Amino acid sequence: MRWLIVGGGAREHAIGVALARAGAELVVASPNANPGLDRLARATVRCDATDGAKIGEFARSSGAQAAAIGPEAPLAAGVADVLRGAELPTVGPGADGARIESSKLFCRELLARHGVPGQPRFAAPASVDDVDPQLAAFDRPLVVKPSGLTSGKGVWVEGSDFTDRKDAAIYAKSVLVQGGGVVFEEKLDGEEFSLMAFVTDSGVFPMPAVQDFKRALEGDQGGNTGGMGSYSQRDHLLPFLPAADRNRALEILTRSVAALRAEGIPYRGILYGGFMLTAEGPRLLEFNARFGDPEGINALTLYEPGDFSELLLGVATGRVDPNLLQFRLRSTVVKYVVPPGYGSRAQAGGLLTLDEAAIEDEGVHVLFGSVEAAGPATVRLGTSRGLALVGEASAIHEAGTRVEAALAHLHGAFYVRHDIGTKDDLAKRREHMRSLLAPGAKPSPLPLSVAPAGAPPSSAGPPEQLAH
Ligand code: AMP
Ligand code: GLY
C-alpha cells in the first residue's frame, strides 16, 4: 500500500514510522525537507501543505493509493476534499468537518445547538461594539480566544496572560478588526488532558489519554506553545484521570461527531478533544481535526501489534475493524527539543549533533520536526519545535528518565522542559486534582452551555450537566 503523507513535522514523521512498520510505502508532500521522512519516502514534493492542486497532482504522479493529512492548515483548506474528489481514500475531514477546529465559534455553537454536555460558558462578540458590554457582563474569570487557527498560541487566560480586562478588550478588538472572530470563555480550573479518537462511519475509537505541556517554560510558566512535551500512562488513563471521566470525555467526542452528522457533515479522520478535568467533570476546551502534536507521537509509539496501514485505510473508507485498535500497556514521555527562546523569541539556525544509535540504546526514539539536515549526524534548528524524543517504560517517570538520559547524546544550544514526566510533577498534578475535589473546595455547579448576558442568542443552549 502506498500512502501519501501531507505535512513535514514530527507528528507526520511518527505517522510515517507507524505506516512503514506495517510495510507501507510512503510519498510525502510538505513545505520542508524533514530528514526523518526523507529517509522513509520513495518520493517527495516540496510545496505549501495547503496547495490542494499540487498535492493532488503529486498523489497521481507518485502512485499514492491513500492519503493521511497531518496538520490543521491543509484540512481547513480542503485538501482532503481535493484528494477524495480524486477518489483517494483519505484520513482527515473535509473543510466543513475541519471547522470543528478552524472555527472555535462554529464548534461552540454546533455543540450548543445539539446540547452536547461539557461546554464552558461562552460569549461571542459579533463586532467591536459588543466587546466592552460582553466583558462587563462576564462575572467570572475568562479566557479570550481568537476563533481561527493560531497554532495553540492565540489564547489569553485571565490571571496569567492578562490581569486588566482593558487589555483583554484591546486584544479582542484587534482580532475583530483584522477580520477574525473572538470567543470569550469562562476560565476553568483543573488538569488538562487530550483524548484522541479514530472517527469513521462505523464508530469513534479512542486512543490512550495523554497530557500535553502547553506552556513554554518549566513549572507551566511562559507563553502557550504548540506543546513542549507530553506523557501517557500504562493503563491509558492518567495519574489524575479515572476511567469514569475518560468515558465522559469519550461521550463528548461521540456526541459531537453525531452533531456533525446531524448537520450533514461526515467525518473520517482523527478527532482530538482538549479537555479540562474540573471538579464537575471533563469540560471541552477545543477540538482538533487531527492527531495532536506531540500527543499523536505518544499514541502512535504504543500502536502494536495491529496493522496501522489497514487501520488508517479503514478510517478513510468508513469501516474500522475494532481488533486493529491495540495499544501497548506501557507509559510514554515525549520531550520536544526546541531552539533557545522558543515561546517568545526563538533563535533559529543553531546546529545540533545527535548520536541516534546511542539515543536508541537508551530506549528512546527520535522524531524530526522543524530541522534541516546539515551534515552527518547534524541538523539545523528552525524557529519551531525541532526534535521530539519519545521514551517508553512501565512507569511514566521511568520513561521520562530515559528521555533525560538520551539528551546526553545531543549537543548544541537547545531548550527542553526537564519537568515533564518527573515524579514531582506527576505528584503535583494529582494533588491539584485532589485539592479541587476536596469537600468544601467544590464551587457551586455552573449551568453549562449557557452564555452570559449580552451574548448573541445563537450561543445559548440548554443547560446540561454531566454527572460526576
Ligand atoms: P485551546 O487552543 O482552546 O486549546 O487553548 C490553548 C490553551 O489555553 C489550553 O490548552 C489551556 O491551557 C488554555 N485554555 C483554553 N481555554 C481555556 C479555558 N476555558 N479555561 C482555562 N484555560 C483555557
Ligand atoms: N498539542 C496540541 C495540539 O496538537 O494542538
Side-chain angles (χ1 to χ4, degrees), residues 7 9-12 14-15 70-73 75-76 98 100-108 111 118-123 138 140-162 168 181-196 207 209-216 220-232 270-278 280 282-300 334-336 338 343 369 384-385 388 417 420 429 432 436 446 448-449 452:
R11 164 188 47 207
E12 288 72 36
I15 295 170
E72 58 275 26
L75 292 167
I100 201 144
E101 170 171 7
S102 64
S103 170
K104 290 184 194 290
L105 195 51
F106 166 79
C107 175
R108 286 284 177 229
L111 305 192
Q119 309 307 311
R121 279 175 56 160
F122 74 98
F138 221 104
R140 61 193 67 205
L142 55 75
V143 301
V144 184
K145 297 185 172 187
S147 177
L149 297 175
T150 63
S151 308
K153 296 159 198 156
V155 175
W156 276 29
V157 180
E158 189 159 14
S160 42
D161 300 300
F162 70 93
V182 168
V183 182
F184 298 129
E185 254 174 45
E186 156 197 7
K187 176 183 171 183
L188 298 164
D189 191 9
E191 282 294 323
E192 283 183 55
F193 67 96
S194 310
L195 187 65
M196 299 174 288
M207 303 178 213
V210 182
Q211 186 169 43
D212 181 24
F213 287 64
K214 293 232 164 58
R215 296 278 169 176
D220 289 334
Q221 303 297 304
N224 267 325
T225 69
M228 295 294 295
S230 48
Y231 68 81
S232 73
I270 312 301
L271 184 61
Y272 160 130
F275 293 93
M276 185 79 83
L277 183 57
T278 71
E280 286 80 41
R283 296 288 176 268
L284 182 78
L285 299 182
E286 65 159 352
F287 275 131
N288 293 325
R290 51 174 174 81
F291 284 110
D293 188 355
E295 296 96 318
I297 298 171
N298 300 82
L300 292 173
V334 175
K335 295 193 190 209
Y336 254 119
V338 300
S384 200
R385 297 173 293 178
R417 271 189 67 168
I420 298 171
R429 290 173 193 280
H432 181 209
L436 291 175
L446 303 171
L448 298 179
S449 305

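Start at 1 and go down the list; that is how both ligands and their atoms are numbered. Keep in mind that this is a model prediction, so the values were computed, not measured.
Listed by chain and residue number, Ser102, Leu149 satisfy the side chain to side chain contact (heavy atoms under 4.5 Å, CB included) test with Ala76 (two or more places apart in sequence, or in another chain).
Considering only non-hydrogen atoms, atom 4 (O) of ligand 2 lies nearest to Asp293 out of Leu149, Asp212, Asp293. For atom 13 (C) of ligand 1, the choice among Asp220, Leu188, Val157 with the nearest heavy atom turns out to be Val157.
Atoms of ligand 2 found under 4.0 Å from any heavy atom of Glu295 (numbered from 1 in listed order, with element): 1 (N), 2 (C), 4 (O). In summary, the atoms of ligand 2 found under 4.0 Å from a heavy atom of Gly292, numbered by their order in the structure, are 4 (O). Atoms of ligand 2 lying under 4.0 Å from at least one heavy atom of Asn288, given by number and element, are 3 (C), 5 (O). For ligand 1, the atoms lying closer than 4.0 Å to a non-hydrogen atom of Met276 are 21 (C), 22 (N). Heavy-atom proximity to Asn224, at under 4.0 Å, picks out these atoms of ligand 1: 7 (C), 8 (O). Remark: ligand 1 atoms within the under-4.0 Å shell around heavy atoms of Lys214 are 10 (O). Numbered from 1 in the order shown, with element, the atoms of ligand 2 that lie under 4.0 Å from a heavy atom of Arg290 read 3 (C), 4 (O), 5 (O).
Under a 3.5 Å cut-off, the side chain of Thr225 and the backbone N or O of Lys214 do form a donor-acceptor pair. Counting only distance, with no hydrogens or angles, the side chain of Glu158 and the backbone of Leu142 share a donor-acceptor pair below 3.5 Å. The main-chain N or O of Met228 is never found under 3.5 Å from a side-chain atom of Arg417 such that the two would form a donor-acceptor pair. Between the side chain of Glu192 and the main chain of Asp212, no donor-acceptor pair closer than 3.5 Å is present.
Residue Lys104 places a heavy atom less than 4.0 Å from ligand 1. Ligand 2 is never approached by Glu72 to a heavy-atom distance shorter than 4.0 Å.
In terms of polar-atom proximity, Val155 is not counted as a contact of ligand 1, lacking any N or O under 3.5 Å from an N or O of the ligand. Looking at ligand 1, you'll find an N or O of Glu192 within less than 3.5 Å of one of its N or O atoms.
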- Message: Would Arg108 and Gln119 count as a side-chain hydrogen bond (donor to acceptor under 3.5 Å, both in side chains) here? Give the steps.
- Response: CA-CA 8 Å; Arg108 286 284 177 229; Gln119 309 307 311; 2.7 Å; yes
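When each of Glu185, Glu186, Lys104 is checked for a side chain to side chain contact (heavy atoms under 4.5 Å, CB included) with Phe122, only Glu185 meets the rule.
What you find for Tyr231 and Asn298 is that their closest heavy atoms are CA-ND2, 3.6 Å.
At a heavy-atom distance under 4.0 Å, no atom of Phe291 approaches ligand 2.
Classified by interplanar angle (parallel below 30°, tilted 30° to 60°, perpendicular above 60°), the ring pair Phe275/Phe193 is parallel.
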